[in-house]
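Notes for the one structure printed next.
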Amino acid sequence: MNEFNSLSISLTVAAFIVCLSNIVFTQTQGRMGKKQNRIFMMLLIIVALNSACTSVTAFFKPFSFTSESAHLASEIARYFYYVFHTVLAPLFFFYTARVCGVTFRTKPVMKYLLNGVFLATELMVLVNPMTDLVYYLDENYDYHRGWGMILVYLTAAVFVFLAILFLTTSWKALTVKRRTGIVLFASIAISGIIIQMVSTELKVELFAEAIGLTGLMIIIENEDDRLDPNTGVYNRQALMMDLGSYIINNNPLHAVVIRITTPDIITHRVDIDSSDMVGSAVAEYLKTLVKRFNIYRSGPKSFVLIIFDANSDRPMEIAENVKTRFEKPWLLSDTVALLSCAIQVTGIPGVVNSVKDAMYMFDSQPPSNTDKKIFYGEDLDYLVKRISIEKSLASALSSNRFEVYYQPTYSIKDMTLHGAEALVRLHDDNMGMIFPDEFIPLAEENGLIDLIDDFVLLEVCKLIKEEDLPAHGIDCINVNLSVIQCMKPGFVERIKGIVEEAGVDKKYINFEITESLSASNYDILSDVISSLKHEGFRFSMDDYGTGYSNMRALAKMDLDIIKIDKSILWEAEESELGEIILENNIRMIHQMRRKILVEGVETGKQIELLKPLGVNYLQGYYFSKPVPKDIFLKIVHGEN
Ligand code: C2E
Ligand code: CA
Ligand code: CA
């Protein structure tokens with residue numbers, strides 16, 4: 001036995017042991033759920049078998065001349081080596097495809113073709129003892145390659161080439177970890193193959209492959225960082241990654257989004273972390289519907305199921321099942337609770353075509369003004385609109401598509417113009433004019449609200465200055481502020497900076513803020529208002545009567561005007577109870593010594609109703625709708 005031979009035996013035995021331990025490890029970790037996992041296991045088994053065969057060949061080969069059975073053992077092992085080895089490249093290809101998110105569901109032809117090529121090659125190797133096409137031994141027991149071997153190598157090369165192709169097209173959708181894993185495996189395996197090609201005696205290839213597979217096992221097959229620790233299903237990161245590869249590889253799918261809509265107040269009754277407890281109960285149920293690795297927890301209280309049966313009824317069936325399940329109570333630790341849910345079903349590609357849009361959909365609340373539980377098809381139009389508005393918003397400032405409208409306000413005493421409220425509009429080439437109710441909530445979510453409110457304030461300052469509004473009897477212009485923005489550090493300084501730079505006296509700016517705050521935020525807001533008031537600005541509380549009017553907190557705030565919401569006025573017209581509510585609200589505000597503006601005045605009758613109650617200002621369609629700047633200026637100049 002020469003030195004190379006004994007080294008080769010050591011290496012292949014080592015490869016065998018490495019593969020064997022990897023097999024045992026993978027089994028005990030229970031990583032066998034997905035097709036990808038199963039292909040990986042097959043790779044391990046094949047390399048293990050190959051190592052065993054090579055060891056046997058190398059061990060018996062030196063005794064071939066002296067013992068017929070040694071010769072037979074050596075040759076049988078060689079034969080099986082080729083039988084197994086031919087499977088390796090196609091397996092590696094299918095493994096890579098899986099890692100890249102390619103499932104061949106839409107391209108079964110391609111799958112059959114590739115399987116056909118593989119089977120033909122395998123068959124050629126299998127019948128080699130009869131044909132000697134792939135390799136043969138001469139009468140001196142010397143080994144020779146036949147032309148079939150070229151075909152075997154060619155097939156392997158095609159599969160490796162295709163694997164690389166998938167890798168490059170999916171490169172962007174792969175995490176750094178996955179890229180590293182595959183490249184590591186490929187480079188270790190390829191260096192092994194090269195060394196073996198240069199020095200045919202040294203059987204290093206299998207050892208290199210075993211080490212490469214160990215790398216894959218640690219880097220790719222280990223999914224700890226893709227799993228949600230509380231529920232055992234995939235996490236948000238995994239969802240984004242997998243979706244990305246499905247989309248890149250044109251792998252159509254359906255997403256069923258399950259959002260638990262039960263308010264926290266109810267789930268808070270149970271001590272431990274309620275959303276995790278609810279989450280695991282729901283996840284356990286979902287596992288009975290679809291395989292674990294098709295479930296993703298996209299948020300604390302939302303799950304996404306990925307279903308591949310394109311054009312089938314399965315997604316809707318699942319949605320119906322979930323809906324029915326939510327009609328029954330859930331056992332949460334030792335408490336029983338009823339949970340509510342909203343389910344969205346969508347095809348991808350379809351309403352959404354990118355990971356960003358998909359995540360947007362998964363994260364967005366379905367409309368609350370309906371009893372519907374399942375949203376699909378046309379029900380998702382609201383999303384399409386939201387997505388288009390969000391896109392439109394992103395470039396609106398830079399392309400000058402915001403416009404400030406003005407709605408005049410009047411003194412009730414002599415019905416003269418008192419001021420105006422600045423109301424922003426968004427223009428879109430396709431959607432036309434978009435109203436703030438549709439885009440302000442989105443802007444508050446994505447942080448654009450700061451810039452929008454700054455823009456409006458600057459426009460208002462310019463108008464006051466350029467048109468010298470105070471000289472025309474305008475007392476102040478009302479500018480809406482988003483509560484979210486007010487709470488941010490540095491807010492007062494920024495606002496102050498804008499107005500001072502524009503050279504406008506601060507008393508002409510009256511900020512409006514909506515009264516819809518939780519009690520805990522009142523303190524911060526109260527401080528902000530004091531600071532702004534201290535600077536000389538004026539302040540109004542907007543939409544009074546719609547929130548959780550915390551009278552004590554409200555009384556402490558240094559407000560100039562309280563704006564009674566239009567719904568209070570409209571109710572007062574409708575019923576006696578409504579009238580009592582309006583009167584009591586006005587009385588309370590009077591006791592706080594604040595001025596009152598009533599908005600939503602649409603008829604003369606409403607004005608008659610308000611006159612004896614002692615309100616100060618009026619605003620509404622009766623006088624004027626919000627109008628563009630030039631029309632507002634005509635009103636100011638008495639030309640309208
Ligand atoms: P808001 O501050 O309560 O504004 C009053 C809304 O009621 C305006 O709707 C106005 O057009 C409407 N309105 C006024 N009078 C009448 C009436 O007589 N009848 C009826 N049916 N409606 C009337 P708009 O302009 O669509 O604004 C909606 C909301 O968007 C505003 O409610 C405000 O909260 C927000 N908003 C508007 N502009 C801005 C802004 O520049 N910044 C911020 N942060 N929010 C804004
Ligand atoms: Ca307002
Ligand atoms: Ca209002």
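- Using a 4.5 Å cut-off on side-chain heavy atoms (C-beta onward), V256 and I307 make contact.
- For the pair T346 and F375, the minimum side-chain heavy-atom distance is 4.5 Å or more.
- Ion pairing between a basic and an acidic side chain is recognised when a charged N comes within 4.0 Å of a carboxylate O; R259 and D363 show no such pairing.
- A distance of 14.0 Å separates CD1 in I164 from CZ in F159, rounded to the nearest 0.5 Å.
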Practice item. Could you give me the CA-CA distance, side-chain angles and deciding distance for S312 and R314, then say whether side chain to side chain donor-acceptor pair (under 3.5 Å) is met? Key: CA-CA 5 Å; S312 80; R314 213 167 105 73; 5.9 Å; no

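- The backbone N or O of Q485 sits nowhere less than 3.5 Å from a side-chain atom of D453 that would complete a donor-acceptor pair.
- Checked by atom type and distance alone, the side chain of N400 never pairs as donor or acceptor with a backbone atom of L397 at under 3.5 Å.
- Across every non-hydrogen atom of P349 and P252, the tightest pair is CD-CA, 4.2 Å.
- Heavy-atom minimum distance, G279 versus F303: O-CZ, 3.3 Å.
- Counting only residues at least two apart or on different chains, the side chain to side chain donor-acceptor pair (under 3.5 Å) pairs with a member in residues 172-189 are K177-D225.
- The shortest distance between side-chain heavy atoms of F402 and F439 falls below 4.5 Å.
- We find the CD1-OH distance between I295 and Y285 to be 10.5 Å, quoted to the nearest 0.5 Å.
- Under the 3.5 Å distance criterion, the side-chain polar atoms of D379 are matched with a main-chain donor or acceptor of Y376.
- Remark: K291 engages no residue in a salt bridge (charged side-chain N to carboxylate O under 4.0 Å, His left out) (not counting sequence neighbours).
- Side chain of T86 to main chain of Y82: a donor-acceptor pair is present (N/O by atom type, distance under 3.5 Å, no hydrogens or angles).
- Residues forming a salt bridge (charged side-chain N to carboxylate O under 4.0 Å, His left out) with E444 (at least two apart in sequence, or on another chain): none.
- Here the CG atom belonging to L44 is positioned 5.5 Å from the CD1 atom belonging to I23, to the nearest 0.5 angstrom.
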Exercise for review: List the steps, then state whether side chain to side chain donor-acceptor pair (under 3.5 Å) holds for D228 with Y296.
Suggested key: CA-CA 8 Å; D228 173 55; Y296 299 82; over 6 Å; no

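- Here I452 contributes atom CD1 and N480 contributes atom CG; the two are 12.0 Å apart, rounded to the nearest 0.5 Å.
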Exercise for review: Apply the test side chain to side chain contact (heavy atoms under 4.5 Å, CB included) to residues L339 and V278: give CA-CA distance (whole Å), side-chain angles for both, the deciding distance (0.1 Å), then the verdict.
Suggested key: CA-CA 9 Å; L339 303 172; V278 170; 3.7 Å; yes

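- Within a 6.0 Å sphere centred on NZ of K488, other residues, nucleotides and ligands contribute more than 12 heavy atoms.
- Checked for salt-bridge contact, D429 and R401 miss the test: no charged N lies under 4.0 Å from a carboxylate O.
- Residues A319 and V345 approach most closely at CB-CG2, 3.8 Å, considering heavy atoms.
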When the side chains of residues 215-223 are checked against the rest of the protein, which donor-acceptor pairs come out under 3.5 Å, sequence neighbours left out?
from	atom 1	to	atom 2	distance (Å)
E221	OE1	N37	ND2	2.9
E221	OE2	Q36	NE2	2.9
E221	OE2	Y95	OH	2.6
N222	OD1	D224	N	3.0
E223	OE1	Y234	OH	2.5
E223	OE2	K34	NZ	3.1
E223	OE2	R226	NE	3.0
E223	OE2	Y234	OH	3.2

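- A distance-only check finds no donor-acceptor pair linking the side chain of S170 to the backbone of L167 [under 3.5 Å].
- Residues passing the salt bridge (charged side-chain N to carboxylate O under 4.0 Å, His left out) test with E284 are K287, sequence neighbours excluded.
- Between F84 and I45, every side-chain heavy-atom pair lies at or beyond the 4.5 Å cut-off.
- Ring centroid separation for the pair F308 and Y246 comes in under the 6.0 Å cut-off.
- A donor-acceptor pair is defined here as one N or O able to donate and one able to accept, closer than 3.5 Å; no such pair exists between the side chain of T335 and the backbone of L331.
- At most 12 heavy atoms of other shown residues, nucleotides or ligands fall within 6.0 angstrom of atom CE in M42.
- In this structure, A208 and G192 approach most closely via the heavy-atom pair CB-CA, 3.7 Å.
- Under the 4.5 Å side-chain criterion, counting only non-hydrogen atoms from C-beta, F93 is in contact with L114.
- A salt bridge between R297 and D276 is present, with a side-chain N of the basic residue lying under 4.0 Å from a carboxylate O of the acidic one.
- Y405 and H427 have tilted rings, their planes meeting at an angle from 30° to 60° on a 0 to 90° scale.
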Check your understanding: Between L243 and I348, is a side chain to side chain contact (heavy atoms under 4.5 Å, CB included) present by the stated rule, with each step listed?
Key -> CA-CA 9 Å; L243 258 186; I348 300 177; 4.1 Å; yes

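- Remark: T514 OG1 to I440 CD1 distance equals 10.0 Å, nearest 0.5 Å.
- In the displayed structure, Q29 atom CD is contacted under 6.0 Å by more than 12 heavy atoms of other residues, nucleotides or ligands.
- Here OG of S302 is found 7.5 Å from CZ of R236. Values are rounded to the nearest 0.5 Å.
- Looking at residues two or more places apart in sequence or on another chain, you find a side chain to side chain contact (heavy atoms under 4.5 Å, CB included) between Y360 and L383, R386, I387, E390, L442.
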Practice item. Take M124 and L151 through the test side chain to side chain contact (heavy atoms under 4.5 Å, CB included) and record every step on the way to the result. Key: CA-CA 9 Å; M124 186 172 67; L151 283 182; 3.7 Å; yes

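- Taking 4.5 Å as the limit, some side-chain heavy atom of C486 sits within range of a side-chain heavy atom of I513.
- Within the 4.5 Å cutoff, side-chain heavy atoms of E209 are placed close to those of I193.
- At least one donor-acceptor pair under 3.5 Å links the side chain of N249 to the backbone N or O of S245.
- The main-chain N or O of S340 is found under 3.5 Å from a side-chain atom of T261 such that the two form a donor-acceptor pair.
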**Study point:** side chain to side chain contact (heavy atoms under 4.5 Å, CB included) between I306 and V304, intermediate numbers included
**Key:** CA-CA 6 Å; I306 299 288; V304 176; 4.2 Å; yes

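- The number of heavy atoms from other shown groups lying within 6.0 Å of OH (Y382) is above 12.
- By the 4.5 Å heavy-atom criterion applied to side chains, T121 and V152 are counted as neighbours.
- Salt bridge status for D357 with K391: present, with a side-chain N to carboxylate O gap under 4.0 Å.
- Side-chain atoms of R325 come within 3.5 Å of backbone N or O of P329 as a donor-acceptor pair.
- The aromatic rings of F185 and F92 are tilted relative to each other, their planes meeting at an angle between 30° and 60°.
- Counted by atom type alone, S280 and N230 present zero donor-acceptor pairs between their side chains at under 3.5 Å.
- Side-chain atoms of K372 do not come within 3.5 Å of backbone N or O of I343 as any donor-acceptor pair.
- Residues N446 and L393 share a closest heavy-atom pair of ND2-CD1, 4.3 Å.
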